[in-house]
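To find a chain, count down the sequence lines: A is the first, B the second, and so on, and within it residues start at 1.
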Amino acid sequence: ADQEISWIYCGDTMDAVHAKYIKQWEEKNPGWKVTPEVVGWAQCQDKATTLAAAGTPVAMAYVGSRTLKEFAQNDLIVPVPMTDEEKKSYYPNIVDTVTFDDNQWGVPIAFSTKALYWNKDLFKQAGLDPEKPPKTWAEEIEFAKAIKEKTGIAGYGLPAKTFDNTMHQFMHWVYTNNGKVIDGDKIVIDSPEVLAALQAYKDITPYSVEGATAYEQNEVRAIFLDGKVGMIQGGSGAAVRLKDTKVNWGVAPLPLGPSAKGEGTLLITDSLAIFKGSGVEEKATEFAKFITSPGPQGEYELQGAAGLTPLRPSPMVDEFVKKDPYWQPFIDGIAFGGPEPLFTDYKGFQNVIIAMVQSVVTGKAEPADALKKAAADLEEYK
Amino acid sequence: MSVQRSTIIFAWILLLPAVLYVTVIVAYPLVDTFILSFTDASLKKTTKWVGWANYDKIFNETFAEVIFRTFIWTFFSVSIKMIIGVFGATMLNAAVPGRALFRLLTMPPWIVPMAIGIFMWGWMYNGQFGMISGVLQNWGLIDGPIAFLARGETAFWATIVTDVWIGVPLVTLYMLAAMQAIPQDLYEAAWTDGAGRFYRFRRITLPLLVPSLITMSMLSLIATFNSFDIIWILTQGGPNGETTTMIIDTYRTAIGSKKYGEGAARAVLICIFLSIFCFAYFRVTSRLSSGEQK
Amino acid sequence: MSQPALINRYRWYELVAIYAGIFVFLAFILAPFVEGFLVSLKPLGLLFSSPYKFWPENGSFAAYRTMWDSVPGFARYIFNSFFISTIVTAIVLILVIPAAYAFARFKFRGSGALLGAFLAVNMFSGAVLLIPLFRLMRSFGVLNTYLAMIMPGVAFLIPSAIWLLRTYMMRIPRELDEAAFVDGASHFYTLRRVILPIAMPGITVVAITTFIGAYAQQFIYALTFNSKSEYMPLPVGLFAYFGRQEVIWNELMAASFVGIAPAVVVIFLLQRYLVSGLTAGAVKQ
Amino acid sequence: MGQLNLNTVQKFYGTFEVLKGIQLEVRNGEFVVFVGPSGCGKSTLLRMIAGLDETSSGDIVIDGKRVNDLPPVKRGIAMVFQSYALYPHMSVFENIAFPLRVENMPEEKLKAKVEHAARILHLDQRLQQKPGMLSGGQRQRVAIGRAIVREPKIFLFDEPLSNLDAALRADMRIELAKLHRQLRATMIYVTHDQVEAMTMADRIVVLNAGEIAQTGAPLELYHKPANIFVAGFIGNPKMNFLPVTCKGVSDAGVEVDYKGKTVVVPVRPHDGLVGRTLTLGVRPEHILLGAGDLLLTVTPTVIERLGAHTVAYAAISGEGENYCAMLPGTVAIRPEEQVLTGIRAADCHLFDEAGIALERRVELTDIDMGLLDPAGA
Amino acid sequence: MGQLNLNTVQKFYGTFEVLKGIQLEVRNGEFVVFVGPSGCGKSTLLRMIAGLDETSSGDIVIDGKRVNDLPPVKRGIAMVFQSYALYPHMSVFENIAFPLRVENMPEEKLKAKVEHAARILHLDQRLQQKPGMLSGGQRQRVAIGRAIVREPKIFLFDEPLSNLDAALRADMRIELAKLHRQLRATMIYVTHDQVEAMTMADRIVVLNAGEIAQTGAPLELYHKPANIFVAGFIGNPKMNFLPVTCKGVSDAGVEVDYKGKTVVVPVRPHDGLVGRTLTLGVRPEHILLGAGDLLLTVTPTVIERLGAHTVAYAAISGEGENYCAMLPGTVAIRPEEQVLTGIRAADCHLFDEAGIALERRVELTDIDMGLLDPAGA
Ligand SMILES: Nc1ncnc2c1ncn2[C@@H]1O[C@H](COP(=O)(O)OP(=O)(O)OP(=O)(O)O)[C@@H](O)[C@H]1O
Ligand SMILES: Nc1ncnc2c1ncn2[C@@H]1O[C@H](COP(=O)(O)OP(=O)(O)OP(=O)(O)O)[C@@H](O)[C@H]1O
Ligand SMILES: [Mg+2]
Ligand SMILES: [Mg+2]
């Protein structure tokens, strides 16, 4: 009968936009059928990996772009080269997130950046100018301190739980100070820029929510929504939720570190990876390109509540930002943003960064020592 | 001779389905795991034999720490389970109105999907919104919120408490059954001799529970040593790796980092440790049962 | 109402102590459920609010309604869990009853070692065996069927079931078998007509524990060996309440309570047999 | 110092009256045995005396003090359970020492006491063993040892010998009797074995369906049972009963007719007997061969030869009942061969229609002067 | 048709020899009882005959056919277990029908057979009840019923009455004896109660520590025990033993001396007895008061009054042993008061130093012609 393209689709239900375009594509490609399997976020990536490792890969899976290098090196996925035209259609730096060995290994489908949210009421209570968000780390720390000391409420929400997002949050600081973790095959984390970020973590911890190592970003966001923290780093989703609360808030680009060259952020993308050995690689690639092409993708990512940042500039996006100006900082950060570092053992890398952050946040280690140790540990995973 | 032989054949016929089943489903993966532990199996399509390399690699400083932590964690969890189980069973064994209902009420942690139970505890431990921190604050016992999972020590105990919670119903039930199997006339005899309630508990109930306690501890030990979901969902082994036990470490290596070979070696080690426990257990029980009677 | 025997008559302070003990014990057991229940009553927006309030403001049972819409297949998940557990329990019983009888009654070379080997199965946790198991399920061609979840489930429930039932059967007087044997009954006839009916309380206990074990656990196999959402069991269904960015906590908790209700009913109906069945057999040496 | 009174003690289980107003006095130092068929309420009564069960109404008085509301230990009793109730995890020493440990007796004194008890009971060699390694008789002695060390005023025994085999039972009977003489404590002993009752008791209390059927010295019950129940229950083999018709009453006794044969039974008659159907009772050991006042020809069906004597069972034509005779060991009878048996009128018991015995004109003092006064024994 | 031979049957448990070469022939229709103290191997032997345990060596032959390798059902035996082994979940009917169901007997025939057996055992009214609702004696009859319906050649009973109380035990004894006569099947019966053995057996096999101590009719064992073990085991109360010295041997018997008193015991002497220490045995029931060939003054310590007779125990000064006498029921003796007892020489047993009896000059046929030929009984 029909040939199938199996697709591990992360989430709780199939998005209506995707469902619509799958149908459209199937109509255009008779004899082909896309069979998505909806798997919860917590397990979808592991499931795709397990299937591939066991030798029965799916045709296509929704994966974090950070895993692409690992998959590619182990010969599990096929490259999905982009034409220059395609590359150009994206915001800058985004293609880098799926590039390794001068080849593209996935098609970006979801994208997120972060910005700084602040609680204007708390700023006022602390005697700060509620309309003036911090521009630099130094200000950020100072404001946090002021809030904590004046109001007794935490000034900053620092997520440091044993959770992938802890690494992400830290990478935002690295990229707002022009830092880098790995350069080609060289571990460069042991740099003054990264050390400054780690030192800033240490400095802001006392004014942060009690027990940073117990929270991940959604939990910190919940505290912000509850009005119990002055500032957080958050994605666009927070803004949507904030509209339903009594909190008087603002959003700004992430504050910059001393060595910053401009606004920065970590660029996190999720991609569609095409697995090797499914027998339908070509057609799957074709479908992946279709479903992420400007039309369907634009419709998908601009639904709002999902907290996605648009992948490509377009008039639609401009209109969107005009309507909801809080989108601006999320897009502004892209220019100086950096990709998630690609490692052969992505989880290994993540664990090292988390361990480093936690050891500093909990006061078990000094930033410099923690950084050295992390640099050494990372050698194994590059 | 023939009668004897036909009996043995029959015994094997009875055992065969279960043995076959377990062999096919479990023994094969077990052997596979064992073999895997001597290879560098990973996401790579090819694997090669690496001998003891995986085992060599395991034994470093952190791992010694992990082993030590696993033992401590297991020890506390199992002992607390037993203590609370015996306490609960004692309470539920008391002839007071309502005990049928109370017995029923001990079952839920056992029935609820483990993940859900753990989520509920996650809520309780939450510093900002959780019940424990909240109630303590409302009562004025603590000043500000306490995030129980934020610090190594508290997270360590928090995971133990949750593990205990999940294991307690079954332990309580078994202990209750064991208590009810103690002949009533022993208590009557002691009472006739003037022994009070607590004295009877200490000198009769407790000693007679010992065999059941040992069996239960053994089964509990195996489950606890391998207890994965609780730590994984609550802390993922953090913070600072201070709740990382062997099974967490194994999972992180095998499933997280896809180092199947190294993960398998860790799994084999767990099995070896547990086998030693079991062996000791059989030793202890056979000694006990030879000393006493019926 | 007959009064309790004199030896069990309590003084008022003893009664207070006992009820206090029971209260503390049950508080520990039930506190998370209280928390979970309160969460299920709170509107999502008010879930994360401090200071902590025990009684939810605007509490309502709305989540118990909306949960069915958020995860449309939820009833199906409950059914699947029930179905899978029933089949698993049946298979476990079929395999375990003869095996437990053999271990309880016949001494032959290697029987002790074999029993130990069964225990050893529990020493490897399922998570570690995931990939080899996956290959096995694939070679059986049962991926994406109920069988993919049933087969490993059965295997990991067999050992403890054998232990439990064996101890129970050891308490059935050996003369009953011998009498049947003398009368010319075959071993199998004896097992079916004599042992099975007498061991019924023990079998009930094993059935309950197996059912519970299969009902709520075994999450990981379902996830890995099955891709068809129409076959998924309850725990996977519960994870469907984890949205793209956000867990719908109130509905998740509501769904948990709804989801365990069938098992609670089973336990409620059978709990009499549970304690008495355990008393007659089980852990006692 | 060990004197017990039961005043109209009643016990209900739900609406079922297990004990129907028991009235009994036990003297200090007396050995009283409760006998009765299974389920008649012996254990219940004993447990109420011990304080293990509550009385529904009536008083239990020990040494003049009402003890209904006191726990066992305060009543000054010790109980030996039918199952012995030994603590399986404790050594014999610890089992015996248990009551003393409860009172926190100093180690030295405790040791002396336990060892003393062990010596009395010949358990010196076993003190370090666990009960599981002991034989039935030894276990029983441990249970008694545990009772002895407390030095109670009253010992209560609930069928302590029923688990033992015949030989051991005989031995233990003697040891218990010796113990009683040694300790001079009041002992109350429950059994459903009438041989035990006969051999050990100063006084037997026969219970039937929750009521006292008769109280008396063993031989009093044997020779002068108050009613058919006691007559049938005491004595082994059981007394034979024949339905007879009362022909007449005279100073010499009551003249009865059995199938046309008459005999005058020397009992004290009461009014209105003539013409009534009475029951004639005669013990198997009083049946003679070929002689007696009432002669019966029977065909033995089963003959048990015990060596010392021969027990023959015959079905009397007409009655379905067994007719049993205990004859000398060497008697020459065979199954299915008719024999002529005889009964002496003086050996007969006579019961009226209600089952109440007509008093026999036999002086117990003829048998043994001391027997009616156990205190003098 | 029910004839059994055991040829040097041995049984080892590990290296422990439980049965030491048992040689025995059981005739068709015979009622044979195995007695012996606990642990002597009775059950083991019975289970080997049944086919439940294997023989270590030796042959078991039933009706001329070696059956060592046959399962129980093919041996034509049925067994009644000490615990009855009734199936608690089946009605009495189903319990009895069980062996027939196993053979797939047609329903009608099966029903007829079960009902026939139930009638014999007076269980007609109980067929629909479960064993849990029956009394001990009724349960025992159900177990027998299950054995009867199979119509086996040989019945095996393992202490079937030991769980019953005294009265019931006596009744069941009679019923079993009747059943034996009714069915005329071979029955092998294990007990450690010598009274049961005496009353029921055509022939008793006394086992001691895995060996046959003596085989014979009950009265043969009673009157002519082959050795001290049998003499002590058979008879209740137990035979008294006195150490004596052999003074001389004559045609009349053996002259022995006990504490300066001599008596000539009419036994067949063998050589080299003079001067040796022998054991004089005398049964309690043969001790007389004030008369006899050997007079002893003793002080009774315990006196048991059973009504029909009185059992007195005395410690003979010097010996620690009990000296026991069974006297008439109305005898006038009291504890701690000296009495003169006597023994008739003809009642005495004499055992040499090895414990082997010197043959008594008593003709068993004097007692009862038929007793030595059970087939004629
Ligand atoms: N807890 C109870 N509830 C209801 N009825 C009871 C209870 N205990 C005893 N009985 C009933 O009371 C009666 C007397 O019981 P008890 O145990 O005193 O008899 P017994 O004379 O000791 O008999 P046995 O010789 O069999 O021990 C019996 O009919 C019994 O069924
Ligand atoms: N399975 C066994 N393994 C080892 N020894 C055994 C076994 N069964 C019985 N024995 C031993 O064999 C001996 C004879 O046992 P058996 O059961 O035949 O005794 P018995 O004469 O029936 O005693 P009782 O009257 O107590 O039933 C005993 O010493 C016992 O300990
Ligand atoms: Mg009783
Ligand atoms: Mg036996």
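In terms of heavy atoms, E:Arg150 sits closest to C:Val182 at NH1-O, 3.1 Å. Nearest approach of E:His89 to C:Val194, heavy atoms of both residues: CE1-O, 3.5 Å.
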For this session: Determine, step by step, whether C:Glu178 and E:Arg47 satisfy the side-chain contact (heavy atoms from CB on, under 4.5 Å) criterion, reporting the C-alpha distance in whole Å, the side-chain angles of both residues, the deciding distance to 0.1 Å, and the verdict.
Result: CA-CA 10 Å; C:Glu178 291 183 341; E:Arg47 291 170 55 85; 2.6 Å; yes
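Here C:Leu176 contributes atom CG and E:Tyr87 contributes atom OH; the two are 6.5 Å apart, rounded to the nearest 0.5 Å.
The stretch residues 90-114 of chain E places E:Met90, E:Glu94, E:Phe98, E:Pro99, E:Arg101, E:Val102 near chain C, each with some heavy atom under 4.5 Å from a heavy atom of that chain.
Residues meeting the ring-ring contact (aromatic ring centres under 6.0 Å, His included) test with E:Phe157, sequence neighbours left out: E:Tyr189. Listed by chain and residue number, nothing satisfies the side-chain hydrogen bond (donor to acceptor under 3.5 Å, both in side chains) test with E:Arg139 (two or more places apart in sequence, or in another chain). The side-chain hydrogen bond (donor to acceptor under 3.5 Å, both in side chains) test applied to E:Thr191 returns E:Glu196, not counting sequence neighbours.
Summarising the local packing, CZ of C:Phe188 is surrounded by 12 or fewer heavy atoms from other residues, nucleotides or ligands at distances under 6.0 Å.
If you measure heavy-atom distances from C:Arg193 to chain E, the contacts under 4.5 Å come from both the backbone and the side chain.
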